[in-house]
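Below you'll find the structure, written out as structure tokens, and then a few comments.
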Amino acid sequence: MAITQQTPPGSGPDLRKGDIDAAAKENMREGSLAPKVFIPAAVIMAAFIGITLAFPHRTKEIFDALQADVINYFGWYYVAIVAFFVIFALYLGFSRMGDVKLGDDDDEPAYPFTTWFAFLFAAGMGIGLVFYGATEPLMHYVDPRPGVGDGTREEIAQAAMSQAFLHWGLHPWAIYVIVGLAIAYATHRLKLPLSIRYSLKPLLGDRVKGGAGDVIDIVALVGTLFGVATSLGLGVMQIAAGLGYMNIPAQGNGWLVGIIVVLMAITLFSVVTGLEKGMKMLSNGNLILAAIVCLFVLVVGPTLFLFRNFVGSIGNYLQNVVAMTFETLALYGVDGEQFQAAWTTFYWGWWISWSPFVGMFIARVSKGRSVREFVIGVLLVPALTSFFWFSVLGGTALHQELFGTGTSLVSEDGTVSAENALFQMFHNLPGGVVLTAGAVLLITVFFVTSADSGALVLGMLSTNGSPEPKTWIRVFWVLVAAATAISLVVIGGSESLSAIQTVAILTALPFSVVIVLMCISLYKALSVEHRLFVRAQRRNARREIEASVAEQIDDRVNELVAEGVEDRVNAAVGEHLDEHLDGQLEAALEEAVDKAVEAKVEEAVDSAVESAVEAKVEEAVEKAVDEVSLQVEANTAAIEQIRTVTGSIPVVKPQDVKQTPWNK
């Protein structure tokens, strides 16, 4: 797989809140080198390239021996660890942890759904899909997985499609989900740099700033470099095969090395001149070209068969995915080991070594998404893209072989040429020459954009996450990637594919440990986030309950007090005060009563609210009412005293009052 965006879109990480020092921030802004990461990685790659080019045959023998040992001792580990990644990714997406947002709680997604899905689609397309689209189902049909070969031709063909779906469906993208999610959480939620080391900050703490972080970035950088070189090696092999079908002889290591040099020169031109907009347009145009090739094959090929094959293959895949996920072929001895090494173990290693590249891309474009949206989107959109691509190209190849439409795609010795099968299939379709030219152009552009984007990601890793590494750093990694691809071609010779597969399997082993640590780090961080979220929910609910109870108590107490005070005061005043009582005395009396009542009511309400929070609402209300009643009685007594004092004032009856000007 290859990311076809030259520069992953999206703003760089917000470093205003991240837990990094000022010097690191400044280095990131300037794109300066991190020597403790760059130098060890450069030395490792220089040693690999130098030894492989100086001693190609001996190196191949060592690689073959190492591959056998890795398959014998760690083949089960790759199967188990990738199965765990799938389960863990689904758990994160569909548990309550999925509510956590990759960014601040009020952040909106950086891109709308349609644009975000387009980015994920772009991440799912690349050299690998073009190389294996027609080849893999056909190779599984001709040389089935052990235990499948006893079925009918149709059953074997169906199993071949399911096997291809396994290698290109949910499993690789579950790996990318974990790596991308760990990076996105650290970058957008914790405001840390876009780097592998900081994805482990919740687990390792400040140790990611020191030697431990340097080792993590070195492992990621070397693994990514070999992942890029694997894709470039596959691409150059198929470009050479396509040129051969266009009557341009391009056989042998000399041609392969020449193609790599030419394409890398184009990549260097892009990097040095800064033609980023042009590279983005080329990348987007290449996606359109890939869609055109796929749809053209769908239309001119067996259209109805391909649609039926697409639906049926998804069903068969879902029916058998669990068993295939855990299949190690242990009961089939050497045949099982060879199949695992050539296919499943190779793929799992390739995806693991490629995961920092894809993970950093999808992390950058996913700010503002929830964990659940991230998991579902990253798992489903690229997987469905791969399923449709294989159903069309692989289905067409199987249809030609099953029903004899056109020249056989299988050679006389019963094998399938991995790099030639696509062009042989095109040859049997209308417009085969145009399709071949389009496919060669497609792979060529994927080669250049993959190398260019790979250099950017490698530059970011070697600068502790700078979104804009210096140009010379990117140029250096372009040259190293080219030299690595050349060395793989040289040591492989006529078996270059085997050498590429071996390197992918070997280099993925150390980074698989980093991904396991990412799982632990993610679980720890998201668990804390979930607990804090639950606490906040409970705190808000308690505040709402307290406010509601306090409001109810306040309303009820005010109502009771107002009714009681108003009735008793009015009765007392009505009975004992004359309507001609001095206005000032009456006003003073009312003011004194109001203040006393208000003070006591406020005290009673406060007491009632506090008691209500302690689940004693009813008792508090009764107590408050009792206290108010006592106060009212006290006020009544006061009024009685006032009446006694004022009792000496004669009561003038209305009929005794003479009409005078002042009382008219």
Side-chain angles (χ1 to χ4, degrees), residues 1-5 8 41 44-45 48-49 52 63 67 70 78 81-82 85 123-132 167-168 171-180 183 196 216-237 260 264 267 344-363 382 446-462 474 477-478 480-489 492 496-497 499-515 518:
M1 291 185 185
I3 295 177
T4 56
Q5 296 288 333
I44 292 172
M45 296 311 303
F48 172 83
I49 295 169
T52 53
F63 274 21
Q67 183 191 35
V70 169
Y78 278 107
I81 203 66
V82 172
F85 292 155
M125 290 299 298
I127 292 174
L129 276 179
V130 181
F131 187 91
Y132 283 107
H167 296 152
W168 291 85
H171 293 67
W173 289 98
I175 299 172
Y176 301 154
V177 161
I178 294 171
V179 177
I183 297 172
I196 301 297
I216 291 167
D217 277 349
I218 292 170
V219 170
L221 197 156
V222 173
T224 302
L225 186 53
F226 278 110
V228 173
T230 298
S231 293
L232 300 184
L234 295 177
V236 73
M237 290 169 58
I260 293 174
M264 282 303 180
T267 305
T344 305
T345 306
F346 157 64
Y347 273 124
W348 295 169
W350 188 13
W351 304 147
I352 289 172
S353 62
W354 195 246
S355 59
F357 187 11
V358 181
M360 293 181 76
F361 172 79
I362 59 179
F446 274 140
F447 186 103
V448 174
T449 55
S450 296
D452 190 273
S453 299
L456 174 64
V457 172
L458 293 169
M460 293 170 67
L461 289 173
S462 54
R474 295 174 60 186
W477 290 122
V478 169
V480 172
T484 305
I486 291 172
S487 66
L488 292 178
V489 169
S496 296
L497 180 59
I500 290 172
Q501 291 173 336
T502 301
V503 169
I505 294 171
L506 295 176
T507 56
L509 193 59
F511 193 72
S512 68
V513 178
V514 176
I515 301 180
M518 285 181 174

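All values below come from the heavy atoms of this structure, side chains included, with hydrogens, waters and symmetry mates left out. Since the model is a prediction, treat every value here as computed from it, not as a measurement.
- With 3.5 Å as the limit, one finds a donor-acceptor pair spanning the side chains of Tyr347 and Trp168.
- Residues satisfying the side chain to side chain contact (heavy atoms under 4.5 Å, CB included) test with Ser512, not counting sequence neighbours, are Tyr77, Ile352, Leu509.
- Annotation: the span from Ile49 atom CD1 to Ile44 atom CD1 amounts to 12.0 Å, rounded to 0.5 Å.
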Original post:
For Phe511 and Val222, what are the C-alpha separation, side-chain angles and deciding distance, and is it a side chain to side chain contact (heavy atoms under 4.5 Å, CB included)?
Top reply: CA-CA 9 Å; Phe511 193 72; Val222 173; over 6 Å; no

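- Between the CG atom of Leu488 and the OG1 atom of Thr52 there is a distance of 7.5 Å, given to the nearest 0.5 Å.
- A donor-acceptor pair is defined here as one N or O able to donate and one able to accept, closer than 3.5 Å; such a pair exists between the side chain of Ser462 and the backbone of Gly459.
- Remark: Ile216 CD1 to Ile196 CD1 distance equals 9.5 Å, nearest 0.5 Å.
- In terms of the side chain to side chain contact (heavy atoms under 4.5 Å, CB included) criterion, residue partners of Thr345 (sequence neighbours excluded) are, by chain and number, Ile71, Tyr78, Gln340, Ile505.
- Across every non-hydrogen atom of Ala363 and Gly180, the tightest pair is CB-O, 3.5 Å.
- Looking at Trp354, its side chain never comes within 3.5 Å of a backbone N or O of Tyr176 through a donor-acceptor pair.
- Applying the side chain to side chain contact (heavy atoms under 4.5 Å, CB included) test to Leu506 and every residue at least two apart in sequence or in another chain returns Leu66, Val70, Thr502.
- When all heavy atoms of Gly128 and Trp350 are compared, the closest pair comes out as CA-CH2, 3.9 Å.
- A heavy-atom distance below 4.5 Å is found between the side chains of Phe226 and Met45.
- Side-chain atoms of Thr449 come within 3.5 Å of backbone N or O of Phe446 as a donor-acceptor pair.
- What you find for Leu225 and Val480 is that their closest heavy atoms are CD2-CG1, 3.3 Å.
- For the atom pair OG1 of Thr224 and CE of Met360, the computed distance is 8.5 Å after rounding to the nearest 0.5 Å.
- Scanning all heavy atoms of the two residues, the minimum distance from Ser353 to Gly227 falls at OG-CA, 3.7 Å.
- Of all non-hydrogen atoms in Ile175 and Ser355, the two that sit nearest each other are CG2-CB, 3.8 Å.
- Expressed to the nearest 0.5 Å, how far CH2 of Trp477 lies from CE of Met460 amounts to 14.5 Å.
- Taking 4.5 Å as the limit, every side-chain heavy atom of Val82 sits out of range of all side-chain heavy atoms of Trp351.
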Original post:
Going through the checks in order, is the side chain to side chain contact (heavy atoms under 4.5 Å, CB included) test met by Val489 and Met237?
Top reply: CA-CA 9 Å; Val489 169; Met237 290 169 58; 5.6 Å; no

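- Counting all heavy atoms, side chain and backbone alike, Ser450 lies closest to Ile127 at OG-CD1, 4.4 Å.
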